[in-house]
Amino acid sequence: MGTLLLNDYEDVSIPLPWGHLAGRWYGNRSERPILALHGWQDNLGTFDTLIPQMPDYLGVLCIDLPGHGHSSRRVMQEFKWSKVSLLGHSMGAILSFIYSSLAPHTVDLVILIEGVINPFARLDLDISAFNIERCLQEVDRMAINEATNYEPTSYSMEHFCQFVHTCTVEAVPVELAPHLLKRSVHRSQLYPDKYYTLKDNRTKCAVELQLSLGLAAEMARCVREKPVLILKGAESSFICERDEEVLSILRAQNPDLEFHELQGNHYIHLCNPTACAAQIVPFLRRHRPPSKIDNSHRKQHKL
């Protein structure tokens, strides 16, 4: 058994009423892959350094969440999966936890990297109302820009790399920033050596995933006897005391739960992929072991 190749992929486009969901399916297309969900304001490029560490008997389908990357969650319906294996980072991990609690019968395993419940969410109706108003204002601004063919202010790639480094509180090194930028910036038509952002600014003012601790605990009780792997960065506080009750419930009812604290920060999967893979690969081999059929003789899935 080998590992996945970063250049062995097919681009995926899933039609939606408001546009499409963009993704990239790495490796084996003959059977159900691992579904990978990125963090807030990121895109599927966040998994670029982890993909080459993943086992090649399973494919990995990374998607840009709506408003991120190339996307404008109907993945299971599109590919007619009865089950899903989830791998999520940050917001993607929180979404994976929520989905696993709401539809546990459709999930066979969950890998949560640097996220279980949102440590920053505040149950504040005034803030929610303010964010909704900002979102509506952004819709109006987007309509005007589209009608006037407005191009946003453009900057050098070096500027964007430094911006990512700064905005992640230096969690993402400048040299790794291009992985998060290649699907979120576009080359300027006015200044070919510069770029502007493709991000949908509505994602910046979206209503937070607000879970009270009581609701989060009840949701954890729904994730019964499910293989769960949780990876935390030793230098990150994203998984914190707020998660303790949820983690305690998951440990009590999930004999296959694993929790590992690894060297690194909130972007451990991007900056320390080898350490992450050292936990993820054995976990996958235990709970989704290789098929007895030789992958090389399988008919490739047509996307």
* To do: Please say whether more than 12 non-hydrogen atoms of neighbouring residues, nucleotides or ligands are located less than 6.0 Å from CD in E241.
  => no
* Group every Ile, Leu, Val, Met, Phe, Trp and Tyr by side-chain heavy-atom contacts under 4.5 Å, then state whether L247 and I249 land in the same group. => no
* Compute the centroid of each ring, for H38 and then for H89, and state whether the two points are separated by less than 6.0 Å. => no
* Asked: Just by modelled atom types, is the I113 backbone N or O under 3.5 Å from a matching donor or acceptor in the K232 side chain?
  -> no
* Think R32 forms a cation-pi with F79, using NZ or CZ under 6.0 Å from the six-ring centre and within 45 degrees of its axis? -> no
* **Check: D64 side chain, N43 main-chain N or O, donor-acceptor pair, under 3.5 Å** => no
* Do the side chain of S212 and the main chain of L215 share a donor and acceptor less than 3.5 angstrom apart? -> yes
* **Side-chain touch E78/P15, heavy atoms, less than 4.5 angstrom** => yes
* **T49 side chain reached by H179 side chain, heavy atoms, under 4.5 Å** => yes
* Less than 4.5 Å apart, any side-chain heavy atom of I63 and any of L44? -> no
* Asked: Would T3 and D56 count as having a side-chain donor-acceptor pair, cut-off 3.5 Å?
  -> no
* Asked: With distance as the sole test, does R288 use its side chain to make a donor-acceptor pair with the main-chain N or O of R285 at under 3.5 Å?
  -> no
* Identify the heavy atoms of S96 and L112 that sit nearest to each other, and give their distance. => CB-CD2, 3.8 Å
* Sidechain N-carboxylate O distance under 4.0 Å for E151, K194 -> no
* Any side-chain heavy atom of V116 within less than 4.5 Å of one from R242? -> no
* Looking at CD1 of I94 and CG of L37, how far apart are the two atoms once the value is rounded to the nearest 0.5 Å? -> 11.5 Å
* Walk me through it: do R29 and D8 pass the test side chain to side chain contact (heavy atoms under 4.5 Å, CB included)? => CA-CA 10 Å; R29 265 84 75 185; D8 176 20; 3.3 Å; yes
* Heavy-atom distance under 4.5 Å between the side chains of Y195 and Y155, does that happen here? -> no
* Asked: Honestly curious: do L61 and L5 fall in one hydrophobic cluster under the side-chain, below-4.5 Å linking rule?
  -> no
* Asked: Can you tell me how far the CG atom of L86 sits from the NZ atom of K226, to the nearest 0.5 Å?
  -> 10.0 Å
* Structure fact -> Tightest non-hydrogen contact, residues S90 and F238, listed as OG-CZ, 3.7 Å
* Would you please test E245 and I117 for side chain to side chain contact (heavy atoms under 4.5 Å, CB included) and show each step? => CA-CA 11 Å; E245 183 178 10; I117 61 176; over 6 Å; no
* Does E235 have any side-chain contact (heavy atoms from CB on, under 4.5 Å) partners at least two apart in sequence or in another chain, and if so, which? -> Q263, N265
* Backbone N or O of L181 within a donor-acceptor pair of the R183 side chain at under 3.5 Å? -> no
* **Test log, rule salt bridge (Lys or Arg N to Asp or Glu O under 4.0 Å), inputs K182 and D48** => CA-CA 11 Å; K182 62 185 179 182; D48 277 0; 2.5 Å; yes
Under 3.5 Å, which donor-acceptor pairs link side chains of residues 274-283 to any protein atom two or more places apart or in another chain?
| residue | atom | partner | partner atom | Å |
| --- | --- | --- | --- | --- |
| T274 | OG1 | Q53 | NE2 | 3.2 |
| Q279 | OE1 | H260 | NE2 | 3.1 |

* **Fellow cluster residues of L190, listed by chain then number, with links counted only when side-chain atoms sit under 4.5 Å apart** => Y191
* Asked: Can you check side chain to side chain contact (heavy atoms under 4.5 Å, CB included) on C161 and M157, steps first, answer last?
  -> CA-CA 6 Å; C161 288; M157 183 57 71; 4.2 Å; yes
* To do: Determine, for D11 against R24, whether the closest basic-nitrogen to carboxylate-oxygen distance falls under 4.0 angstrom.
  => yes
* Does S156 reach the side chain of H159, with side-chain heavy atoms less than 4.5 Å apart? -> yes
* **Gap separating the CZ atom of F97 from the CG atom of D243, nearest 0.5 angstrom** => 9.0 Å
* Under the 3.5 angstrom rule, does the side chain of E114 hit a backbone N or O of I239 as a donor-acceptor pair? -> no
* Please check if any side-chain donor atom of T46 sits under 3.5 Å from a side-chain acceptor atom of H269, or the reverse. => yes
* Asked: What's the spacing between F160 CZ and S154 OG if we round to 0.5 Å?
  -> 8.0 Å
* Exam field: side chain N254 to backbone V223, donor-acceptor pair closer than 3.5 Å -> yes
* To do: Quick one: do Y99 and T106 satisfy side-chain hydrogen bond (donor to acceptor under 3.5 Å, both in side chains)? Show the steps, please.
  => CA-CA 9 Å; Y99 181 82; T106 69; 2.9 Å; yes
* To do: Assess the side chains of Y26 and N7: does a donor N or O sit below 3.5 Å from an acceptor N or O?
  => no
* Asked: Just wondering, are more than 12 heavy atoms of other shown residues or ligands nearer than 6.0 Å to CD in Q162?
  -> yes
* **Any I268 side-chain heavy atom under 4.5 Å of L270 side chain** => no
* Asked: Rounded to the nearest 0.5 Å, how far apart are OG of S85 and NE2 of H287?
  -> 11.0 Å
* Of the non-hydrogen atoms in L4 and P55, which two are nearest, and what is the gap between them? -> CG-O, 3.8 Å
* F47 vs L87, side chain to side chain contact (heavy atoms under 4.5 Å, CB included): CA-CA, chis, key distance, verdict -> CA-CA 10 Å; F47 296 109; L87 184 161; 3.4 Å; yes
* Asked: Quick one: are L58 and P33 in side-chain contact, heavy atoms under 4.5 Å?
  -> no
* **Nearest non-hydrogen partners of A171 and P173, listed with the distance** => O-CD, 3.5 Å
* **hydrophobic_cluster_shared for L6 and V60, side chain cutoff 4.5 Å** => yes
* Inter-residue atom distance L109.CG - D256.CG, 0.5 Å rounding -> 10.0 Å
* Asked: Are L176 and V174 grouped together when hydrophobic residues (ILVMFWY) are joined by side-chain heavy atoms under 4.5 angstrom apart?
  -> no
* Asked: Will you find, in the side chains of T168 and H266, an N or O donor that is under 3.5 Å from an N or O acceptor?
  -> no
